[in-house]
Amino acid sequence: MKDANLELYKKMYLIRATEEKIRQCYPDNEIKTPVHLAMGEEAIAAGVCYALGPTDQVFATYRNHGVYLAMTNETDRFFAELYGKQTGLSKGKAGSMHIMSPDENLLGTSAIVASMIPVAVGAALTNQYKNNKRSVAVFFGDGAVDEGVFWESLNFACLRQLPIIFVYENNQYAINSHVSTRHGYRSLAGIVSRFDCPVFQSDTTDAEAIYHLTKNALRLQARSAKPVFIHLQYYRYLEHVGVNYDFEFGHRDKKEYQKWWKIDPVGLQRKKLLRFGLKDKELIKIEAGILNRIEASVRSAKQAPPANPNELRSDVYYE
Amino acid sequence: MSCAATFTMNKKHTITYREAINLAIAQEMRRDKNVFLYGLDVTDHKRIFGSTKGLLEEFGPKRCFATPLSEDAMTGVGVGAALTGLKPIFVHIRTDFLFLCLNQIANVISSYRYLSGGRVKIPLVIRAIMGRGWGQGAQHSKSIHALLAHLPGIKVVMPTQPADAKGLLVSAIRDANPVIVLEHRWLYDTIGIVPEDENFAIPIGEPHRLRQGKDLTIVATSWMNIEALQAADIMQKKQGVSMEIIDSRSISPLNYDLIYQSVRKTGHLIVTDYDWLYCGFAAEVVARVTEKCFSELKSPVSRIGFAPTPTPTARSLEDAFYPNAISIIKLVEQKLKLPKTNLSGETFYSYENKFKGPF
Ligand SMILES: Cc1ncc(C[n+]2csc(CCOP(=O)(O)OP(=O)(O)O)c2C)c(N)n1
């Protein structure tokens, strides 16, 4: 498990460092796209994506940087997209909220809450139809389950026994509104388990534990051909959108953050590696390599030509 | 009942567009205890860009409350409340989220009164904000007024000036019909003279002449009025061309008489719509003008709108996607066969001066 833990750490460190870089650059006003940072969430993105098979498919939300980086390990085209450049993933047409990488099985992300859930179910329908043993994971938050389309999708997936993994990321807030002001029920896991859908639940920030939990979910799915629901928890350190903390506005208690910071997924994983006998020096070297890569990506993104206005009208239709 | 609002920077007796909306809601909630306001995030510290400020404090959580993310159901809840005697105002921070409400809007609200043979009414107001800039992109920038106005039984208004933001919203709240109010994010900081009078209202369906002119008529919606006003000032100064600008203010219903009168006077029409052109409001206006004023037209009717693509996010693509004062000037030159206007020394609107992201 030492290798796996190192891989998980690299993924999480890449995600954290990339978002720290965004935080640092954002005030320059060159990244003109709303950024929904997921600091605190890294263990879920890394743990779930690392557990998936090489052909399994993923859908996510506007809070997608972690999932993208965990799936692709790529930062050049990512930063170019954030900077609105021709060399970006979608040639400047997507920005942060619609990052995707179909070639690497990140098939879609969306800024309309819950809108990718049924789409993921549709991809699972294809996989069942073709009997190709692929699974689909879809990430969504505690706000998304307010939407009727979540329940409709869950119902259909259960009805048709589709090979989908619902990855529920509860961070307690939808923008600034607490889950207790939106959910008229006590236990989502309890309700979902009444569907024909096994539920795996944990509030850990340990990426390794999330990795194992996802592996178990995938194994159960392979055996039983059922949808599976993974119920996870994390704390979003920063404001809903943007690069700042938001504790001064009073809707979130800084104490909550301090509690979660003690079990910060990136810090936790680093300590674990040291316990496993990795030397601090080795880790620093790995981290420096990642930081250098990010710096190089940002540099080349800044130098790249802006998205080409002559391409405004391309890609509307398949031609 | 005309309004005196202008875009002058005169601080006296002026308030912002957001304050005008806020004032209209607060005054109507005081006047009528059946009025209540709800929607996602209406009570958080940002208060829908300030437009719902103070409402929770003054009227309490019974009359101002946030909801789960459940746009479809919450629209239906509004219909039910309106049907049975309340006057809901349902707020969306982005117009794009109205697409989740479209089943209720198109299949229920639009036909409810009709199917009752006139026995029921649905006094429901839906406010939604059009986003733009800083990479709002394909899912946070739509206007969709044409799509909504296409449906019978629903009124659609798009205030540009602060006074209209107040006056049209007051009319919407007092209207016994469902009214959708579409506000542009960039207008929130514009200021204008807004009557404080509680009885001040702007009738739904009446366009407003923002600028008198004799050479060419512009009919504009929402933000495009701001671009048209600047284009008109430049063309007056640099080319001696006098452009008349009509802010449609309402999309449906709309009294076209002022537009016909203007086109009969100038002989030239450009509709600058804040939307895609295909099957849009601009097409409606030029069709009607062609039907009514065909023989008085000195040039073919013209339209300006978004490029026929989803909204891109990169700034360089946004610039190519959205029309502006320069696109209007170029079209005016073409229509009136003018030499190229010297634009040196002119500064055009750049949102970064007013507005920085993320939203
Ligand atoms: C259908 C829809 N309604 C409202 C919004 C505005 N909005 C954007 S993100 C968000 C909160 C979603 O919360 P959650 O699903 O918990 O995800 P998180 O942001 O915590 O990752 C809301 C209400 C939207 N984008 N789409």
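Proteins come first, then strands; the chains are lettered A, B, ... in the order of their sequence lines, and each starts at number 1. Values below: every heavy atom of this structure, side chains too, minus hydrogens, waters and symmetry copies. Because the structure is predicted, anything quoted here is derived from the model rather than measured.
Between atom CG of residue A:Asp246 and atom NE2 of residue B:His45 there is a gap of 6.5 Å, rounded to the nearest 0.5 Å. Within the model, atoms CG of B:Asp44 and OG of A:Ser177 stand 8.5 Å from one another, a figure rounded to the nearest 0.5 Å. Note: B:Glu318 CD to A:Lys32 NZ = 8.5 Å, rounded to the nearest 0.5 Å. Atom CH2 in B:Trp134 sits 4.0 Å away from atom CG in A:Asn29 (nearest 0.5 Å). Residue A:His98 holds its NE2 atom at 7.0 Å from OG1 of B:Thr313, rounded to the nearest 0.5 Å.
Each of A:Gly143, A:Gly242, A:Ala174, A:Pro306 has some count of heavy-atom pairs under 4.5 Å with chain B, and the biggest count is that of A:Gly143. When the candidates A:Ala114, A:Ser90, A:Ala94 are compared by the number of heavy-atom contacts under 4.5 Å with chain B, A:Ala94 comes out ahead. Annotation: maximal heavy-atom pairing with chain B below 4.5 Å, among A:Gly92, A:Ser314, A:Gly84, occurs at A:Gly92.
Contacts of B:Thr67 with chain A are made by backbone atoms alone, with heavy-atom separations under 4.5 Å and no side-chain atom involved. When heavy atoms are compared at a cutoff of 4.5 Å, B:Leu100 approaches chain A solely by way of its side chain, counted from C-beta outward. Heavy atoms of B:Asp41 lying under 4.5 Å from chain A belong exclusively to its side chain. With a 4.5 angstrom heavy-atom cutoff, B:Ala307 touches chain A via backbone and side-chain atoms both. Contacts of B:Phe99 with chain A are absent, with no heavy-atom separation under 4.5 Å from either backbone or side chain.
With hydrogens and angles disregarded, no donor-acceptor distance shorter than 3.5 Å links the side chain of B:Ser316 to the backbone of A:Pro309. For B:Thr309 (side chain) and A:Arg313 (main-chain N/O), no donor-acceptor pair under 3.5 Å exists by modelled atom type.
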